[in-house]
Amino acid sequence: MNRLHFLGLRLVRTLATLVIIVFITFAIFSLWPSDPATLACGRPCTPENLERARAFMGYDLPWYTQFWHYLQGIVGGRTFGEGSGAIACASPCLGYSFRLSTPVSELVATRLPVTASIAVGAAVLWLAIGVGAGVVSALRRGSRLDRTIMTGTVLGISSPAYLVGLLGILLFGFTLDMVPVSGYVPFADSPLDWAWHLILPWCVLALISAAVYARMVRGEMLENLGEDYVRTARAVGLPERRVVGRHVMRNISLPVVTYFALDLGGLLGGAVITERVFSMQGLGALLMDAVGTSDVPVVMGVTLVAAAFVVVANLVADAVATLIDPRL
């Protein structure tokens with residue numbers, strides 16, 4: 001019952017946080033120096049045409065009315081304009097790109113599979129590599145293997161993603177001609193080609209993030225191996241594998257789960273640099289294109305989706321943490 005109460009409170013706080021994020025995002029982009037109505041006004045853009053465009057898009061209303069309409073659109077959809085020329089935007093309506101003549105939610109839904117494919121695959125790799133390397137390094141503390149792993153983590157943490165990606169393209173794509181260096185194949189078309197086109201982006205992101213996890217896990221492992229409960233477990237004759245696997249790993253899993261959920265949520269919001277380097281049209285590429293063309297509704301929509309992924313990932317991390325340690 002306590003766990004359900006805790007998760008219920010966290011869910012309420014998550015919903016409140018999302019509403020606050022929507023408000024802050026809306027307020028920031030309401031002050032955007034570029035007027036979206038000007039872009040949709042056409043040529044020549046007379047003052048009369050500009051006013052009609054602003055009225056059609058809803059920018060002639062007070063800011064608080066615009067914000068309320070935006071919230072209503074997310075929940076139940078909304079309509080831009082009136083009469084035969086009205087444009088319907090189904091729920092969840094994150095705005096409408098008049099430049100692309102497409103609802104923002106449809107643009108996000110089209111690009112999300114690309115970003116999700118990159119994020120999930122890379123996350124599985126970096127979690128396996130990072131945790132495994134951290135555990136081995138802690139158990140072999142002071143050995144040559146430990147020093148090698150820690151040196152590798154320093155290189156991984158200090159290497160920019162774009163540099164590692166370009167070096168990977170140069171070595172494995174052009175020099176060795178082992179893997180594709182650009183493009184995306186939908187999973188439904190060919191699962192094998194889907195994975196083959198993503199293997200290099202996965203490895204680039206995984207190697208960089210795994211370095212952070214390896215150092216974190218090693219530090220947590222060394223701290224826990226020196227605790228009284230570990231000495232007690234060893235004193236009563238428990239096998240080392242059980243001491244490490246059942247007791248130590250359970251304690252270090254809490255920070256790992258928290259960081260993993262937040263990192264995955266951030267990647268789902270758009271791996272901007274990785275998508276640019278490998279010419280993949282995901283949410284990051286959509287955001288950059290929208291910024292370059294001052295497509296404010298798209299910028300707002302992608303920003304909200306990215307923030308929502310992080311907030312929801314934090315909620316999921318809290319739920320998993322209560323399963324690992326009910327005392328929370």
Side-chain angles (χ1 to χ4, degrees), residues 8-42 45-112 265-266 268-270 283-284 286-315:
L9 288 177
R10 292 294 293 116
L11 180 60
V12 172
R13 292 176 183 174
T14 298
L15 294 176
T17 301
L18 289 174
V19 173
I20 293 173
I21 290 173
V22 172
F23 176 77
I24 294 175
T25 306
F26 184 87
I28 291 174
F29 289 106
S30 293
L31 301 176
W32 190 277
S34 178
D35 187 356
T38 304
L39 301 176
C41 180
C45 184
T46 63
E48 293 78 12
N49 290 338
L50 179 59
E51 287 303 316
R52 280 195 291 267
R54 290 181 60 82
F56 186 87
M57 301 169 71
Y59 289 118
D60 61 329
L61 302 173
W63 69 267
Y64 48 85
T65 305
Q66 294 183 43
F67 176 66
W68 177 246
H69 288 172
Y70 194 82
L71 284 179
Q72 286 182 319
I74 295 176
V75 177
R78 62 183 297 189
T79 301
F80 295 91
E82 298 178 351
S84 58
I87 299 175
C89 182
S91 175
C93 180
L94 300 174
Y96 189 87
S97 173
F98 292 91
R99 183 180 68 87
L100 300 175
S101 301
T102 308
V104 174
S105 54
E106 290 186 13
L107 294 172
V108 170
T110 302
R111 303 293 187 95
L112 182 58
L268 286 172
L283 289 180
L286 177 63
L287 177 62
M288 295 303 294
D289 292 339
V291 170
T293 57
S294 297
D295 198 340
V296 177
V298 176
V299 176
M300 285 185 58
V302 177
T303 302
L304 289 177
V305 169
F309 277 130
V310 174
V311 173
V312 172
N314 193 22
L315 175 63

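Any value given below was found using the heavy atoms of this structure, including those in side chains, with hydrogens, waters and symmetry copies removed.
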Between [atom1] of [X] and [atom2] of [Y], what distance do you get to the nearest 0.5 Å?
| X | Y | atom1 | atom2 | answer |
| --- | --- | --- | --- | --- |
| Arg10 | Leu315 | CZ | CG | 6.0 Å |
| Leu112 | Phe309 | CG | CZ | 4.5 Å |
| Asn314 | Thr14 | CG | OG1 | 7.0 Å |

Specify the closest pair of heavy atoms between [X] and [Y], including all atoms of both residues, with the distance to one decimal.
| X | Y | result |
| --- | --- | --- |
| Arg78 | His69 | NH2-CB, 3.9 Å |
| Arg99 | Thr293 | NE-OG1, 3.2 Å |
| Val298 | Ala290 | CG1-CB, 3.5 Å |
| Leu286 | Val108 | CD2-N, 4.4 Å |
| Cys89 | Pro103 | SG-CB, 4.0 Å |
| Thr79 | Ala86 | CG2-CB, 3.7 Å |

task = Taking side chain to side chain donor-acceptor pair (under 3.5 Å) as the test, write out the residues that go with Arg13, two or more places apart.
result = none
ask   = Looking at Leu18, Leu15, Ile20, which one forms a side chain to side chain contact (heavy atoms under 4.5 Å, CB included) with Val311?
value = Leu18
message = Taking Val104's backbone N and O only, do any of them form a donor-acceptor pair with Tyr96's side chain (distance below 3.5 Å, no angle check)?
response = no
key: Exam field: side chain Ser91 to backbone Ile74, donor-acceptor pair closer than 3.5 Å   = yes
task = Could you check whether the rings of Phe98 and Phe80 sit parallel, tilted or perpendicular, using 30° and 60° as the cut-offs?
result = perpendicular
When you compare the side chain of [Y] with that of [X], does any pair of heavy atoms fall below 4.5 Å?
| X | Y | result |
| --- | --- | --- |
| Tyr70 | Thr25 | no |
| Leu287 | Val299 | yes |
| Phe26 | Leu71 | no |

task = For Phe23, enumerate each residue passing the ring pair (Phe, Tyr, Trp, His ring centres under 6.0 Å) test, keeping only those at least two apart in sequence or located in another chain.
result = Phe67
